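Notes to accompany the following structure.
Here the structure is a predicted model, which is why all the values come from computation and not from measurement. All values below were derived from every heavy atom in this structure, side-chain atoms included, with hydrogens, water molecules and symmetry-related copies excluded.
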Amino acid sequence: MASTCAIVPVVTGAAAGHDPCRRLSRCAVQRPNAFAPKRATLLTQKVSTFTARAPSLRRSVAPSLRQPRAPLAVAAGGPVLGKVSIPKSPIYVPDGPWTVLPEGGVCSPKGFKAAGLWAGLRSSGQRPDLALFYCDTPCVVGGAFTKNVVCAAPVTYCKNLMAEKDTIRAILINAGQANAATGVPGWEDAVASADAIAALLKISPKDVMIESTGVIGKRIKMKEMVAALPALVEALGATDEDGLNAATAITTTDLASKSTALKVMIGGVEITMGGCAKGSGMIHPNMATMLGVVTCDVAVDAKLWREMVRTASIKSFNQITVDGDTSTNDCVIGMANGAAGNVTITDANSAEAKLLLESLTVTLQALAKTIAWDGEGATVLIECEVTGAAKPEDAELMAKSVVGSSLVKSAIFGRDPNWGRIAAAVGYAGPTEWKETDLDITLGDIPLMKGGQPMEFDAPTASKYMKDAGDVHGTVKIFVSVGDGPGRGLAWGCDLSYDYVKINAEYHT
C-alpha cells in the first residue's frame with residue numbers, strides 16, 4: 001500500500017531572498033523554470049514505467065505514484081492550503097537473511113519517533129524543511145563526517161559531542177541553509193538550535209545532535225525555526241508516515257525522498273533497522289556521507305556500534321559519486337536504543353556482531369544507491385563491480401573510478417558502449433598490483449573486453465541495454481575483473497546529462 005506524506009507546516013513570516021536550494025524548481029511544486037516541469041514529468045513517467053515493467057519491485061516504487069495530502073499552513077490570515085508532491089525512491093536492499101519493510105523508515109525500530117514540517121526555511125514552496133528524530137531513552141551513537149576542511153558548524157558540533165559522550169536522544173535537521181562558512185555567528189546558531197529543541201524535549205542539549213543542508217554561507221533562519229519547534233515536537237509520532245515526513249523535510253535538491261527499513265533475527269531476537277538520507281548533487285563523500293540518519297533497536301556496545309557505523313559508511317556512502325564534489329556538510333548519525341531486548345552485543349567477532357554489521361551495511365548501501373539514482377539530471381543508476389584485485393580496498397578504488405569518470409558517465413548517457421573509457425578509468429584508479437592482460441569488462445551480460453583485448457560484440461544490442469535502463473530510470477551494470485585476487489568492490493554513480501549542467505549553471509549553491 002502506498003504511503004502518503006502528511007505535513008504539519010508552520011509559517012512565521014514571509015520568505016525572502018534567493019532560492020536557498022539550487023534545484024528546488026526541479027519539483028513541479030517549486031518555483032518553475034524552462035526545464036523543471038519537463039524533468040518532473042520525465043521522472044513520473046520513468047517511475048510509472050518502471051513499476052509497470054518490474055512487478056517484483058512494484059511495492060517499493062508504488063509510493064512515489066500517490067500524491068501526498070495537502071498540508072495546512074498556519075498563517076496570520078487563517079488556514080491556507082498548499083500542495084506538496086515528492087516521490088519516494090525505489091528500495092535497493094538486496095536479498096539476504098533479512099526482511100525488507102516496504103513502507104518502513106526511521107520509525108520502524110521500537111522506541112523511535114520522528115516529525116517533519118514546513119517552517120518557512122525555504123525561500124519558496126511548501127515542502128517540509130525541518131525534521132526531528134527522537135527516542136525516549138538514551139541511544140548509543142555513531143557517526144561519520146565530511147573531511148572537507150571547510151566544515152559546517154553543525155558537523156563540528158556533532159564531532160565535538162561524540163568525542164565527549166556515547167549517547168544521545170535526538171537529532172534536529174534543517175533544510176534551506178547549510179550554516180557552513182558562517183563563522184562564529186553560525187556556531188552560535190548551531191548551539192542555540194540544540195538548546196532550543198532540548199528545552200522543549202526536556203532533555204540536556206548534550207543529548208541533541210544537529211545537521212543542516214542548503215546554501216553554503218547562509219545562516220539558519222533562527223526566528224522561523226525556533227518559532228516552529230513547539231509544533232515540531234507536538235508532531236512527533238512513531239508511524240511510517242511520520243518517518244516519511246521527516247525524510248522529506250531533510251531534502252533540498254532531491255527529486256525523491258529516501259528511506260528504507262528491514263528486520264533480521266540476531267541471536268534469536270528480532271532486530272529492526274531503519275534509515276533516511278538526502279542528497280542529489282555535490283556528491284563525492286570522503287570517509288563520510290551526505291545527510292543521513294539510521295535508527296536501530298539493537299542492544300550493542302557503544303564503541304562497537306560506533307565502529308560499525310564508520311565501517312558501513314565506508315562500504316556504502318563512500319562508494320557513491322554524482323559529480324566529484326565533496327560537501328561541507330556530509331554527515332550520517334546512527335542511533336541504537338536496545339529496545340529489542342537482545343543480549344548486548346560486545347564481541348566484534350561474534351556471529352551476532354557480524355550479522356548486525358552486514359545488516360547495517362546493506363541498509364546504508366540501499367540509501368546510498370537512492371542518492372546516486374536521484375543524481376542531478378540522472379537518467380540511470382550506474383553500478384560497477386570489480387573483482388580479482390589484490391585487496392578489497394583496491395577493488396573499491398577501481399569501481400569508484402569507473403562510476404566517477406566523466407567520460408564513462410557521458411558515454412552511458414549517450415548509450416555508447418565505450419569500453420575504452422571504462423578500461424582507462426580502471427587503469428588510472430591507483431592500484432597497480434594487476435596486469436593489463438587480466439582485464440575483463442562486461443556491460444550487463446555483454447562481454448566487451450577479455451584478457452586485455454577487445455571482444456567482438458553487437459554494439460546496437462549493448463546500446464539498447466543502456467537505453468532500456470534509461471527508459472525506466474533503471475540500472476546499468478558494469479562488471480570488471482582484474483585477476484584472481486580476493487579483492488571485490490562495488491561503487492555507484494549516475495550518468496552525466498545535459499540537465500546536470502543546466503541545473504548547476506542556473507542555481508546558486
Take a 6.0 Å sphere around CD of Glu234 and say whether it holds more than 12 heavy atoms from other residues, nucleotides or ligands. no

Is it true that, when you exclude Asp95 itself, more than 12 heavy atoms of the residues, nucleotides or ligands shown sit nearer than 6.0 Å to its CG? no

Check the pair Val208, Ile171 against side chain to side chain contact (heavy atoms under 4.5 Å, CB included), reporting the backbone distance first and the verdict last. CA-CA 6 Å; Val208 179; Ile171 303 170; over 6 Å; no

I'd like to check [X] versus [Y] (side-chain heavy atoms, cut-off strictly below 4.5 Å). Are they in contact?
{"X": "Val106", "Y": "Asp242", "answer": "no"}
{"X": "Ile333", "Y": "Ile168", "answer": "yes"}
{"X": "Thr156", "Y": "Pro154", "answer": "no"}
{"X": "Pro87", "Y": "Leu255", "answer": "no"}
{"X": "Gln177", "Y": "Val215", "answer": "no"}
{"X": "Leu356", "Y": "Val298", "answer": "yes"}
{"X": "Leu236", "Y": "Leu201", "answer": "yes"}
{"X": "Thr363", "Y": "Leu262", "answer": "yes"}

Atom [atom1] of [X] and atom [atom2] of [Y]: how far apart are they, to the nearest 0.5 Å?
{"X": "Cys158", "Y": "Phe145", "atom1": "SG", "atom2": "CZ", "value": "5.5 Å"}
{"X": "Cys384", "Y": "Lys400", "atom1": "SG", "atom2": "NZ", "value": "13.0 Å"}
{"X": "Lys88", "Y": "Ser257", "atom1": "NZ", "atom2": "OG", "value": "6.5 Å"}
{"X": "Ser108", "Y": "Met273", "atom1": "OG", "atom2": "CE", "value": "11.5 Å"}
{"X": "Leu172", "Y": "Ile210", "atom1": "CG", "atom2": "CD1", "value": "7.5 Å"}
{"X": "Lys315", "Y": "Glu358", "atom1": "NZ", "atom2": "CD", "value": "12.5 Å"}

Any side-chain donor paired with an acceptor under 3.5 Å for Thr248 and Arg127? no

Are side-chain N/O atoms of Thr272 and Lys110 paired as donor and acceptor at under 3.5 Å? no

Who passes side-chain hydrogen bond (donor to acceptor under 3.5 Å, both in side chains) against [X], sequence neighbours left out?
{"X": "Asp207", "value": "Lys165"}
{"X": "Arg169", "value": "Tyr134"}
{"X": "Glu383", "value": "Trp492"}
{"X": "Lys263", "value": "none"}

Begin from the C-alpha positions of Met265 and Val269 and carry the test side chain to side chain contact (heavy atoms under 4.5 Å, CB included) through to its verdict. CA-CA 5 Å; Met265 296 298 294; Val269 177; 5.6 Å; no

Given 3.5 Å as the limit, does a donor-acceptor pair link the side chain of [X] with the main chain of [Y], or not?
{"X": "Trp118", "Y": "Ala249", "result": "no"}
{"X": "Asn174", "Y": "Leu130", "result": "no"}
{"X": "Ser359", "Y": "Leu355", "result": "yes"}
{"X": "Thr251", "Y": "Asp254", "result": "no"}
{"X": "Asn342", "Y": "Ala299", "result": "yes"}
{"X": "Thr346", "Y": "Asp301", "result": "no"}
{"X": "Lys221", "Y": "Leu121", "result": "yes"}
{"X": "Arg306", "Y": "Val140", "result": "no"}

I need the minimum non-hydrogen distance between [X] and [Y], along with the two atoms involved.
{"X": "Pro109", "Y": "Gly274", "answer": "CG-N, 3.7 Å"}
{"X": "Ala238", "Y": "Cys107", "answer": "O-CB, 3.5 Å"}
{"X": "Ser259", "Y": "Gly105", "answer": "CB-CA, 4.4 Å"}
{"X": "Trp373", "Y": "Ala378", "answer": "O-CB, 4.0 Å"}

According to side-chain contact (heavy atoms from CB on, under 4.5 Å), who are the partners of [X], at least two apart in sequence or on a separate chain?
{"X": "Cys139", "result": "Phe112, Cys135, Met335, Asn337"}
{"X": "Ala199", "result": "none"}
{"X": "Thr370", "result": "Ser89, Tyr92, Lys258"}
{"X": "Lys354", "result": "none"}

Would you please name every residue forming a salt bridge (Lys or Arg N to Asp or Glu O under 4.0 Å) with Lys113, sequence neighbours left out? Asp136

Apply salt bridge (Lys or Arg N to Asp or Glu O under 4.0 Å) to Asp394 and list each qualifying residue two or more places apart in sequence or on a separate chain. Lys391

Sorted by first residue and then second, give each side chain to side chain donor-acceptor pair (under 3.5 Å) pair with at least one member in residues 181-206; sequence neighbours left out. Glu164-Lys206, Asn179-Thr182, Asp189-Arg219

State plainly whether the residues Arg488 and Glu396 are in salt-bridge range, i.e. N to O under 4.0 Å. no

Walk me through whether Thr213 and Lys278 qualify under side-chain hydrogen bond (donor to acceptor under 3.5 Å, both in side chains). CA-CA 9 Å; Thr213 182; Lys278 64 81 57 182; 3.0 Å; yes

Hey, which of Leu101, Leu367, Val100 is the one that makes side chain to side chain contact (heavy atoms under 4.5 Å, CB included) with Ile91? Val100

So among Leu490, Leu381, Ile371, Val403, which one has a side chain to side chain contact (heavy atoms under 4.5 Å, CB included) with Ile320? Ile371

Of all pairs that satisfy ring-ring contact (aromatic ring centres under 6.0 Å, His included), the ones with a partner from residues 227-254, not counting sequence neighbours: none

Under the side chain to side chain contact (heavy atoms under 4.5 Å, CB included) rule, what do Val332 and Leu291 come out as? Steps first, then yes or no, please. CA-CA 6 Å; Val332 63; Leu291 290 195; over 6 Å; no

With side chain to side chain contact (heavy atoms under 4.5 Å, CB included) as the test, would you mind laying out the steps for Thr167 and Val141 before giving the verdict? CA-CA 5 Å; Thr167 63; Val141 62; 5.8 Å; no

